[in-house]
Amino acid sequence: MLVPPGATLADFPIAAFQSALLHWFKDNKRALPWREEPRAPYHVWLAETMLQQTQVGTVIPYYERWLQRFPTLESLADAPLDDVLKQWEGLGYYSRARNFHQAAQYVVREYAGDIPDTVDQLLKLPGIGRYTAGAIASLAFKVDAPILDGNVSRVLSRVTALAQDFRSPASVVALWDLSARLVPSGHAGEFNEALMDLGATVCTPKAPNCAVCPLVSLCIAYAKGAPESYPVRARKAKTPHRDIATAFIRDATGCVLMAQRPVNGLLGGLWEFPGGEVALDAMGAPGTPSGAISQYADMAAQLTKIIRATTGLQLQISSDDFRGQVKHAFTHFRITRHVAIVSLTEPMPRVTPSDANINVKWVKPEEIGDLALTRSDQKILDLARAALDHPDCLL
Ligand code: ADE
């Protein structure tokens with residue numbers, strides 16, 4: 001073992017780490033579509049944006065479809081936001097797509113389409129933080145820039161047996177500093193990808209495969225006999241929860257009423273079935289024996305008001321209209337969407353939202369799939385299809 005327990009990050013054996021990792025990477029590099037040489041900066045940027053909160057296996061088909069639809073940065077910059085969101089549909093964290101689109105327009109306008117090659121310039125683009133700037137600069141432009149994401153934090157926290165919560169501000173500073181000191185001059189791209197691959201395939205969160213790890217002789221967590229107890233995490237507060245009531249409203253011709261989310265908020269620009277947040281009183285949640293009846297009556301009254309305000313439709317929603325629930329988790333909160341299904345007897349009544357910023361429209365069933373829907377609205381569409389399971393239901 002090269003590093004005695006108790007060694008600090010400052011004593012870290014940089015050269016041994018670099019050479020062991022680069023040597024391992026030669027034989028163990030993953031073949032991924034965005035690694036094809038020569039590297040196109042646009043492809044690197046796209047991959048890093050998609051990979052920010054999504055696993056490699058999920059990203060690959062999205063990455064390939066995206067490049068068929070938007071083969072160049074210019075074609076992305078020229079595309080309407082709705083098309084961009086449609087290509088992103090299902091990947092989640094849609095601000096990534098909106099920012100990427102805006103940043104592409106900025107690069108075309110300000111840099112004549114040439115993606116900037118320094119970390120400082122990249123950091124000025126919407127959606128690019130320190131990790132993504134370091135990844136683009138090192139992978140696409142061979143700049144000696146470090147990276148730090150979840151995988152890299154885990155590897156570095158383990159080899160150093162970092163005792164504090166790895167997300168604390170002091171740990172983040174120390175880990176960035178170590179990552180920067182580790183970058184071998186002239187080989188940052190290769191080294192950073194080696195760190196990513198080691199974190200994803202060997203130094204995995206639950207069952208690290210230390211038997212094949214090139215860093216095992218340097219790893220203090222391994223020497224202590226408990227690699228999986230790193231990185232240290234302070235206990236997190238429970239994620240808050242919100243109840244949302246949603247109306248799936250069909251007119252007499254089968255058209256469905258859809259609302260567009262405000263462009264600047266969460267899931268901005270995506271389409272959803274209209275509704276909004278509701279307050280449940282203390283009588284128990286719907287779905288529990290004591291809460292079911294009174295909660296749904298109260299929720300129906302609240303949803304009726306919301307639908308009148310957001311669409312102008314003078315509907316009366318009743319507790320019997322609620323036909324199911326859809327749950328979804330975001331990073332900082334969870335939601336339960338309580339779904340009412342309402343069938344109107346007239347064709348497409350006029351919709352006039354009380355707020356000019358709200359966009360609502362009737363959509364033919366076969367055209368719902370052309371809109372970029374949120375993940376939970378896709379689940380609601382499935383729920384409605386099952387609930388309306390009838391020979392002449394067009395959904
Ligand atoms: N995760 C983030 N960026 C990545 C990349 N370029 N290759 C593999 N996994 C990644």
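Read the numbers this way: they start at 1 and go in the same order the structure lists the ligands and their atoms.
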*Asks:* Near Tyr131, which atoms of ligand 1 are under 4.0 Å from a heavy atom of that residue?
*Replies:* 2 (C), 3 (N)
*Asks:* Under a plain distance cut-off of 3.5 Å, with no hydrogens placed, do Asp251 and Thr253 share a side-chain donor-acceptor pair?
*Replies:* yes
*Asks:* Identify, for atom 5 (C) of ligand 1, the protein heavy atom at the shortest distance, and state residue, atom and that distance.
*Replies:* Met196 SD, 3.3 Å
*Asks:* Look at atom 6 (N) of ligand 1 and find which of Lys29, Glu48, Glu193, Gln52 reaches it with the closest heavy atom.
*Replies:* Glu48
*Asks:* Under a 4.0 angstrom heavy-atom cut-off, which atoms of ligand 1 come close to Arg35?
*Replies:* 7 (N), 8 (C)
*Asks:* One residue to check: Asn151. Relative to ligand 1, which of side chain, backbone, both or neither has a non-hydrogen atom less than 4.0 Å away?
*Replies:* neither
*Asks:* To check your reading of the model: name the closest protein heavy atom to atom 9 (N) of ligand 1, its residue, and the distance in Å.
*Replies:* Arg30 NH2, 3.5 Å
*Asks:* Indicate whether any N or O donor in one side chain lies under 3.5 Å from an N or O acceptor in the other, for Gln121 and Thr118.
*Replies:* yes
*Asks:* How does Val44 reach ligand 1, by side chain, by backbone, by both or by neither, if only non-hydrogen atoms under 4.0 Å count?
*Replies:* neither
*Asks:* Within a distance under 4.0 Å of any heavy atom of Val56, pick out the atoms of ligand 1 and give their elements.
*Replies:* 9 (N)
*Asks:* Would Thr331 and Tyr93 count as having a side-chain donor-acceptor pair, cut-off 3.5 Å?
*Replies:* yes
*Asks:* Near Leu32, which atoms of ligand 1 are under 4.0 Å from a heavy atom of that residue?
*Replies:* 7 (N), 8 (C)
*Asks:* Trp34 to ligand 1: N or O pair under 3.5 Å?
*Replies:* yes
*Asks:* With no hydrogens and no angle check, do the side chains of Thr336 and His241 hold a donor and an acceptor under 3.5 Å apart?
*Replies:* yes
*Asks:* Counting N and O atoms only, with roles assigned by atom type, does the side chain of Lys29 sit under 3.5 Å from a partner on the main chain of Ala194, one being a donor and the other an acceptor?
*Replies:* no
*Asks:* Of His328, Arg337, Glu272, which meets side-chain hydrogen bond (donor to acceptor under 3.5 Å, both in side chains) against Ser376?
*Replies:* Arg337
*Asks:* Between the side chains of Asp83 and Gln87, is a donor N or O closer than 3.5 angstrom to an acceptor N or O?
*Replies:* no
